[in-house]
Amino acid sequence: MERKKTQVAIIGAGPSGLLLSLLLNKQGIDTVILERVTGDYVLGRIRAGVLEQGFAKLVREAGAAHNMDTLGEVHHGVEFAIDDKRVPIELTELTGESVIVYGQVDITRDMMEEREKRGIEAVYEASNVQPHDVKSDNPYITYEKDGVEYKLECDYIAGCDGFHGVSRKTIPDDVKTEYEKVYPFGWLGLMSDTPPINEELIYSKTKRGFALASMRSKTRSRYYLQVPLSDTVEDWSDERFWEELKKRMPKDAVKNLVTGKSIEKSIVPTRSFICEPLQYGNLFLVGDAGHIVPPTGAKGLNLAASDVATLYKIMTRVYKEGDKKCIEQYSPIALRRIWNGVRFSWWMTDLLHNFGDEKDFYEQRMETSELEFFLNSEAGKKVIAEQYVGLPYEDLK
Ligand code: FAD
Ligand code: DHB
């Protein structure tokens, strides 16, 4: 077995792992990233598109923000549409903040290139990645690459390996509590090289189900439809998708809809999942490895970024000041913000989707009343706006 050594071993080269490695590198802290698949495979996964300013600031600090700041679009508002009635939420007017529309694929590519430029080590196509002795002062990871077995010794392990990764499984069942809510529908996404239907995103609730109009640029659109979990991508030709979208977007917006050939289509299940705690010995769960939210509200990637921010501050203090005690702060600080994001995503998902028979008459009236309450008052819209642009990051004590 070949032996290697680093300070912080990172499992997973998704946005969490890459961002953490770039930030730690800026502080002179050594990392090695182990990723199960190829870089191209990582870039093939089309996911989020809305970045909070907190995330954007971190990417700048990490030195990978050039494209985001030149190609990303700053959005000062977002729209809700309820049965054809459009309600603008003026994010900047209400909060002084904005969001950046820039794809997860693009930000991941930018960070991959920066990592390579700075010579930070990443091992792609590493198999059988397994953390060991994470409660001890000498944790290590074993993995295989090109038929050779490796032992990577380290001080800390950052589990940035997504929902299906190995890190969370390393925490014994009697130590962790997992909270889960699975929704009875999925999101069918379609990407096309067509101009977006509207300058701002539209989250639209209709009797036929929820739809979202988003974008990646002035010439690339991203749309989503709520679909039954039993549907497959094959059930949805482009034509069928566009016809359904027309029925679910506000009529005066549909006038601007340009349809075209899809360049990607996929179905995402919707669920909330939270693991507590997020730290076990010298192992930390970061991003989707520790929590998932349904996509309504665009919080998944942004919560991953706030985890990274907290772990980055902790690791910096550990290595610069020798204060190991502060690692206990990771889980409570990260979880406070995560539960806020979970709550907002749950609220948006609950109010904007069609739950069919799952909601009784009383619950349906509550839904209507809740939407009217929030969307007809400045105070209500401000509450939505504050959460959409993202709550502030908490500092270490
Ligand atoms: P990931 O992006 O999942 O990265 C984890 C990495 O770890 C992967 O590259 C994986 O290959 C690697 N890995 C896994 N297991 C191992 C192992 N054993 N060894 C080594 N490496 C391993 N959020 C939004 O805000 N809006 C959206 O529209 C949206 N759409 C989504 C669609 C899908 C299908 C999914 C799954 C998520 C979506 N999200 C969305 C959530 C958002 O994309 C995630 O929150 C974000 O990707 C989290 O980043 P991460 O780096 O923590 O995890
Ligand atoms: C996108 C995805 C979301 O879940 C969301 O709330 C907003 C935008 C997107 O992929 O563009």
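If you're wondering where the values come from, they're calculated on a predicted model, not measured in any experiment. What you see below is based on every heavy atom in this structure, not just the backbone, and it leaves out hydrogens, waters and symmetry mates. Each ligand, and each atom within it, is numbered from 1 in the order the structure gives.
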> For ligand 1, does Val50 get within less than 4.0 Å through its side chain, its backbone, both, or neither, judged by non-hydrogen atoms?
Replying inline: neither

> Between Arg36 (side chain) and Glu125 (backbone), is there a donor-acceptor pair under 3.5 Å?
Replying inline: no

> Under the 3.5 angstrom rule, does the side chain of Gln104 hit a backbone N or O of Ala48 as a donor-acceptor pair?
Replying inline: yes

> Is the Trp187 ring parallel, tilted or perpendicular to the Tyr224 ring (thresholds 30°, 60°)?
Replying inline: tilted

> So which protein heavy atom does atom 11 (O) of ligand 1 come closest to, and at what separation?
Replying inline: Glu35 OE2, 2.6 Å

> What atoms of ligand 1 come within less than 4.0 Å of a heavy atom belonging to Gly287?
Replying inline: 52 (O)

> Do any nitrogen or oxygen atoms of Arg45 come within less than 3.5 Å of a nitrogen or oxygen of ligand 1?
Replying inline: yes

>> Is it the case that the side chain of Arg248 and the backbone of Gln226 share a donor-acceptor pair, with hydrogens and angles ignored and the cut-off at 3.5 Å?
In response: yes

>> One residue to check: Leu212. Relative to ligand 2, which of side chain, backbone, both or neither has a non-hydrogen atom less than 4.0 Å away?
In response: side chain

> Can you tell me which residue and heavy atom of the protein come closest to atom 51 (O) of ligand 1, and the distance to 0.1 Å?
Replying inline: Ser16 N, 2.9 Å

>> Among Arg222, Glu125, Gln104, which one puts a heavy atom closest to atom 47 (O) of ligand 1?
In response: Gln104

> Hey, is ligand 2 close enough to Trp187 that some N/O pair sits below 3.5 Å?
Replying inline: no

>> Tell me the protein heavy atom at minimum distance from atom 3 (O) of ligand 1, and give that distance in Å.
In response: Arg47 NH1, 3.1 Å

> Which ligand 1 atoms, with their elements, are less than 4.0 angstrom from a heavy-atom of Gly165?
Replying inline: 15 (N)

> Between Gly49 and ligand 1, is there a nitrogen or oxygen pair with a distance under 3.5 Å?
Replying inline: no

> Within 45° of the ring axis of Tyr312 and under 6.0 Å from its six-membered ring centre, is that where the NZ or CZ of Lys26 lies?
Replying inline: no

>> If you take the nearest heavy atom of each of Pro294, Gly162, Ala48, which one is closest to atom 23 (N) of ligand 1?
In response: Ala48

>> Please check this pair: side chain of Lys176 against backbone of Arg168, looking for a donor-acceptor N/O pair closer than 3.5 Å.
In response: yes

> Considering only protein heavy atoms, which is closest to atom 18 (N) of ligand 1, and at what distance to one decimal place?
Replying inline: Val166 CG1, 3.8 Å

> Relative to each other, are the rings of Phe241 and Tyr223 parallel, tilted or perpendicular (30° and 60° limits)?
Replying inline: tilted

> Between Arg216 and ligand 2, which residue portion shows a heavy-atom distance shorter than 4.0 Å: side chain, backbone, both, or neither?
Replying inline: side chain

>> Which residue and atom name correspond to the protein heavy atom nearest atom 21 (N) of ligand 1, and how close is it?
In response: Arg36 N, 3.2 Å

>> Centroid separation under 6.0 Å, is that true for the rings of His353 and Phe185?
In response: yes

> Between Asp161 and ligand 1, which residue portion shows a heavy-atom distance shorter than 4.0 Å: side chain, backbone, both, or neither?
Replying inline: both

> Regarding Asp288 and His164, is there a side-chain donor-to-acceptor distance under 3.5 Å anywhere?
Replying inline: no

>> Below 3.5 Å, N or O to N or O, backbone or side chain included: is there any such pair between Leu201 and ligand 2?
In response: no

> Which of the numbered atoms in ligand 1 are below 4.0 angstrom from a heavy atom of Lys299?
Replying inline: 25 (O)

>> Determine whether Asp106 and Arg109 satisfy the following criterion, salt bridge (charged side-chain N to carboxylate O under 4.0 Å, His left out), listing intermediate values before the conclusion.
In response: CA-CA 5 Å; Asp106 302 299; Arg109 185 186 299 108; 3.3 Å; yes

> Going by the atom numbers of ligand 2, which of them fall below 4.0 Å from some non-hydrogen atom of Pro295?
Replying inline: 3 (C), 4 (O), 5 (C), 6 (O)

>> Pairs of nitrogen or oxygen atoms closer than 3.5 Å, one from Tyr203 and one from ligand 2: do any exist?
In response: yes

> Hey, do the aromatic rings of Phe273 and Tyr179 have their centres closer than 6.0 Å?
Replying inline: no

>> Please work out, at 4.0 Å between heavy atoms, whether the side chain, the backbone, both, or neither of Cys160 comes within that distance of ligand 1.
In response: backbone

> Short list, please: which atoms of ligand 2 are under 4.0 Å from a heavy atom of Gly297?
Replying inline: 6 (O)

>> Please list, in number order, the atoms of ligand 1 under 4.0 Å from a heavy atom of Val268.
In response: 32 (C), 33 (C), 34 (C)

> Which ligand 1 atoms are under 4.0 Å away from a heavy-atom of Val42?
Replying inline: 9 (O)

>> Any nitrogen or oxygen of Val50, side chain or backbone, less than 3.5 Å from one on ligand 2?
In response: no

> Can you list the ligand 1 atoms lying under 4.0 Å from a non-hydrogen atom of Leu301?
Replying inline: 23 (N), 25 (O), 42 (C), 45 (O)

> Should Pro295 be counted as touching ligand 1, given the test is an N or O pair under 3.5 Å?
Replying inline: no

> Does some side-chain heavy atom of Arg317 sit less than 4.5 Å from a side-chain heavy atom of Ile327?
Replying inline: no

> Does a donor on one side chain sit under 3.5 Å from an acceptor on the other, for Ser98 and Gln53?
Replying inline: yes

> ligand 1 and Gly17, any nitrogen or oxygen pair closer than 3.5 angstrom?
Replying inline: no

> Does Asp288 approach ligand 1 within less than 4.0 angstrom via side chain, backbone, both or neither, non-hydrogen atoms only?
Replying inline: both

> For ligand 1, which atoms have a heavy atom of Leu34 less than 4.0 angstrom away?
Replying inline: 20 (C), 21 (N)

>> Evaluate Ser214 for polar contact with ligand 2, using N/O atom pairs at a separation under 3.5 Å.
In response: yes

> If you measure every N/O of Tyr388 against every N/O of ligand 2, is any gap under 3.5 Å?
Replying inline: no

>> Whether the side chain of Asn67 engages the backbone of Asp110 through a donor-acceptor N/O pair (distance < 3.5 Å, no angle test) should be reported.
In response: no

> Relative to the ring of Phe344, is the ring of Tyr388 parallel (under 30°), tilted (30 to 60°) or perpendicular (over 60°)?
Replying inline: perpendicular

>> Just to be sure I read this right, does ligand 1 sit under 4.0 Å from the backbone of Tyr224, its side chain, both, or neither, counting only heavy atoms?
In response: side chain

> Only one of Arg86, Lys85, Lys381, Lys205 forms a salt bridge (charged side-chain N to carboxylate O under 4.0 Å, His left out) with Glu79, so which one is it?
Replying inline: Arg86

> Which of the atoms in ligand 1, numbered in the order shown and given with their element, are less than 4.0 Å from a heavy-atom of Ile11?
Replying inline: 19 (N), 20 (C)

> Are any of the heavy atoms in Arg47 under 4.0 Å away from ligand 2?
Replying inline: yes

> Name the one of Ile157, Leu311, Val134 that satisfies side chain to side chain contact (heavy atoms under 4.5 Å, CB included) with Phe284?
Replying inline: Leu311

> Strictly under 6.0 Å, is that where the ring centroids of Trp347 and Phe374 end up?
Replying inline: yes

> Is the side chain of Gln130 donor-acceptor paired with the backbone N or O of Ile141 at a distance under 3.5 Å, no angle test?
Replying inline: no

